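From a predicted model like this one, the values you see are computed outputs, not experimental measurements. Residue numbers run from 1 in the order of the sequence given. What you see below is based on every heavy atom in this structure, not just the backbone, and it leaves out hydrogens, waters and symmetry mates.
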Amino acid sequence: EKNEGIFKKKLNFGLDLQGGLALRYKVDWQEAIRQSGRKMAEGVRAEVVKKLAEKDNKNFDDLDKANYKKYGANVVIIADADLDYNEVVVEFSSPEMAKIITPEIMQQMDERYEYLRISKNDGRPRYKLRLPDAEAHKIRDQIVSETKDTIGKRIEAFGLVDPDVRSAGEDYIMVQIPGVGKDQMEIVRARIGQTAQLTLRIVDTASKWLIQQKDKLTAFRKKFPEKAIDIVLVEKTGEESRRVRDKTAWLGPYVRSSKKSELMYFVTTLKVPADRMFGFEKVDIRDNKNQLVETFWRTQYLEAKADITGEHLKRAMVAYDEKGAYVSLDFDSEGGRIFANLTEKNVQGYMAIMLDEEINSSPQIQEKIGGGRARITMGGGNQRQVVNESQGLVKVLNHGAYKAPVYKVQDNEVGPSLGADSVAAGEFSMGLGMLMVIFFMMLYYRLSGVIAVTVLVLNMLFILVLLISMNSALTLPGMAGIILTIGMAVDANIIIFERIREEIRAGRSPRAAVEAGYEKAFSTVMDANITTALAGIILLNYTSGPIRGFAVTLLMGIVCSVFTAVYVCRRIFNWYLDARSPETLSI
């Protein structure tokens, strides 16, 4: 009974069978682009302030707020309702001030923006900063895609079953979460609704606080053995595997696990000091051929205070020099001053670049970085890997810089839509279908039919194991997919058996008939399954909810049925022929 309970707990059901949460969000990408334009205009103002400060022999990085405000008054930013979402206007106090902003400066700031002279207002030149429609649409697609990924990661952190998160139209995101309980629904809603926040925090590499929590980990293992199955406390660098030491920097003691949700659950049981917090980093260990050999999540112990946030970042981009690719960061004037002070105080330390609680990278600070511009050189590896890592980091940074408001437009708590009668009918149809197939195969093909039924049972077990291992939910259409799979598996066996019969009628021995039958039937079986698999792939990519559940079980069933019919069944025949050496084959 205990084992049966564990099995039922692991085999989960879809939204239609057990209910759950269905949400729909709208991504306000136009507001994100408006914010981008305003930051661009603030960059224009900062360039004017910098030039004026240099004329007065003052250091731009050391300007106080009063002087910055005085110089900055020469530029007025206009972003009113009459302008399109991708436009902002800057007005200079005089033509001389306008001449400070050259085409070269604009190119360095952001080459995507058009810089257009539009008018004069009492001798005050006006220029329009405009993001072309094509670039705006690229940013829209990027924002919606990244928001979808962020929502997906947040839901997965709860360890929930097979959440379905997908784009709908240009700026909507659909979320379906089966099996979420009433007590979790409000937590999930709040977590999804939280705006993604880009922050830069200093890593506390010297602290031994985590080592002092060994008793807490022991107690957690006893209380939640299923959640702590692979949580490990790494106290010093010598305890790491060699390949981890070679690929990652030692940032102090940490806890690691294969699942982020389990790691986060353990951390919530700790009383972390008020001035500290944990971040979570995904570590991918690759060999010299860039093949993934190990993946896990680990904690980093960080200073809770985040002096630099996405609000201070104007732009991130991948740049190149003679050493290869690196990430270039441009901060606004306030962010540049804060960043210079922060790096000066933490030379040789590490700075975690985070989106929410997830750490994207932790570069080492080599020296004080002033001037409002910083560069991050990614870790070792071949040049292609460095470029890919740099592009990934830029995507995260710009996601913070261009973060868009997310509004909930639909929120439904879904009950089991089909009811107990429909579920029972689905289970009955599966059972009846299996019994009819078993009866037919054993009656018509005799001993070979028994082998086919054995393989069919294995096929069903394989499908259930895949559903459990991939954390997928079983829906009523998924049950239909399994029934269809049973038919396809039997169809494959019938094609093979009929070929074997033809070979026996031609006078071949049982072994020769089996070999020839499988070889001649292979292409026919594969053609039929590949055609069905293509339909399943289309459904998997362009549908959601229960229909997607049908596609999942259909594809799993195709893989399992081909494997069992072509490989497992043949192995059983070979074993029988070797063990008994029959003169005739019961088929």
Side-chain angles (χ1 to χ4, degrees), residues 429-467 478-540 550-587:
S429 64
M430 285 182 64
L432 180 62
M434 280 286 291
L435 287 174
M436 290 180 67
V437 167
I438 290 171
F439 178 75
F440 169 78
M441 293 299 289
M442 294 178 68
L443 180 67
Y444 193 72
Y445 290 109
R446 294 174 288 182
L447 180 60
S448 297
V450 173
I451 295 175
V453 168
T454 303
V455 168
L456 189 62
V457 172
L458 285 175
N459 184 28
M460 291 289 295
L461 288 175
F462 288 161
I463 294 172
L464 293 176
V465 168
L466 283 175
L467 282 170
M479 291 182 180
I482 293 176
I483 295 171
L484 179 59
T485 295
I486 293 172
M488 293 182 64
V490 171
D491 181 57
N493 280 310
I494 289 174
I495 291 171
I496 293 169
F497 288 175
E498 290 301 322
R499 284 286 188 179
I500 294 174
R501 278 182 165 183
E502 289 178 5
E503 298 301 322
I504 290 175
R505 284 196 292 266
R508 290 179 179 265
S509 66
R511 182 177 296 279
V514 168
E515 294 291 333
Y518 272 96
E519 287 177 7
K520 291 180 179 179
F522 180 77
S523 60
T524 305
V525 171
M526 291 302 296
D527 286 346
N529 282 278
I530 288 173
T531 304
T532 309
L534 289 174
I537 291 170
I538 292 170
L539 289 175
L540 186 67
F550 170 78
V552 169
T553 52
L554 178 63
L555 290 171
M556 287 180 180
I558 288 171
V559 172
C560 293
S561 64
V562 170
F563 174 72
T564 53
V566 174
Y567 180 79
V568 177
C569 191
R570 188 170 183 176
R571 298 282 76 79
I572 294 175
F573 266 121
N574 288 342
W575 169 81
Y576 171 72
L577 294 171
D578 289 338
R580 299 295 179 89
S581 299
E583 295 183 0
T584 60
L585 191 61
S586 177
I587 190 169

What heavy-atom pair brings [X] and [Y] nearest, and what distance separates the two atoms?
| X | Y | answer |
| --- | --- | --- |
| Ala565 | Val455 | N-CG1, 4.1 Å |
| Ala480 | Phe550 | C-CE1, 4.1 Å |
| Val453 | Met441 | CG2-CB, 4.2 Å |
| Ala521 | Ile495 | CB-CG2, 3.9 Å |

If you define the side chain from C-beta out and look only at heavy atoms, does anything of [X] sit under 4.5 Å from [Y]?
| X | Y | answer |
| --- | --- | --- |
| Cys560 | Leu466 | yes |
| Ile496 | Cys569 | no |
| Ser448 | Phe573 | yes |

Practice problem: Report, as yes or no, whether the 6.0 Å neighbourhood of atom CZ on Phe522 holds more than 12 heavy atoms from other residues, nucleotides or ligands. | Solution: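 Not more than 12 within 6.0 Å, no.
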Quiz item: Taking only residues at least two apart or on different chains, which pairs with a member in residues 437-449 satisfy salt bridge (charged side-chain N to carboxylate O under 4.0 Å, His left out)?
Solution: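 Listed by first then second residue: nothing to list.
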Quiz item: So which pairs with a foot in residues 519-536 pass salt bridge (charged side-chain N to carboxylate O under 4.0 Å, His left out), sequence neighbours left out?
Solution: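 Residue pairs passing salt bridge (charged side-chain N to carboxylate O under 4.0 Å, His left out), neighbours aside: Glu503-Lys520.
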Interatomic spacing from [atom1] in [X] to [atom2] in [Y] - rounded to 0.5 Å:
| X | Y | atom1 | atom2 | result |
| --- | --- | --- | --- | --- |
| Thr524 | Asn529 | OG1 | CG | 11.0 Å |
| Thr531 | Ile558 | OG1 | CD1 | 9.5 Å |
| Leu554 | Leu539 | CG | CG | 7.5 Å |
| Thr564 | Asn459 | OG1 | CG | 4.0 Å |

Practice problem: With sequence neighbours excluded, tell me which residues meet side chain to side chain donor-acceptor pair (under 3.5 Å) with Arg499. | Solution: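 Expected list: none.
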Practice problem: Assign the ring pair Phe497 / Tyr445 to parallel, tilted or perpendicular, where the plane angle (0 to 90°) is split at 30° and 60°. | Solution: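 Geometry flag for Tyr445 against Phe497: perpendicular rings.
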Self-check item: Within residues 565-576 or reaching into it, pairs that qualify as side chain to side chain donor-acceptor pair (under 3.5 Å) - sequence neighbours excluded
Solution: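 Sorted result for residues 565-576: Glu515-Arg570.
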Which atom pairs, one a donor and one an acceptor, fall under 3.5 Å between side chains of residues 484-494 and the rest of the protein, sequence neighbours left out?
| from | atom 1 | to | atom 2 | distance (Å) |
| --- | --- | --- | --- | --- |
| Thr485 | OG1 | Gly481 | O | 2.8 |
| Asn493 | ND2 | Ala489 | O | 3.2 |

Do any side-chain atoms of residues 577-587 form donor-acceptor pairs under 3.5 angstrom with protein atoms, and if so which ones, sequence neighbours left out?
| from | atom 1 | to | atom 2 | distance (Å) |
| --- | --- | --- | --- | --- |
| Asp578 | OD1 | Arg511 | NH2 | 2.4 |
| Ser586 | OG | Leu447 | N | 3.2 |

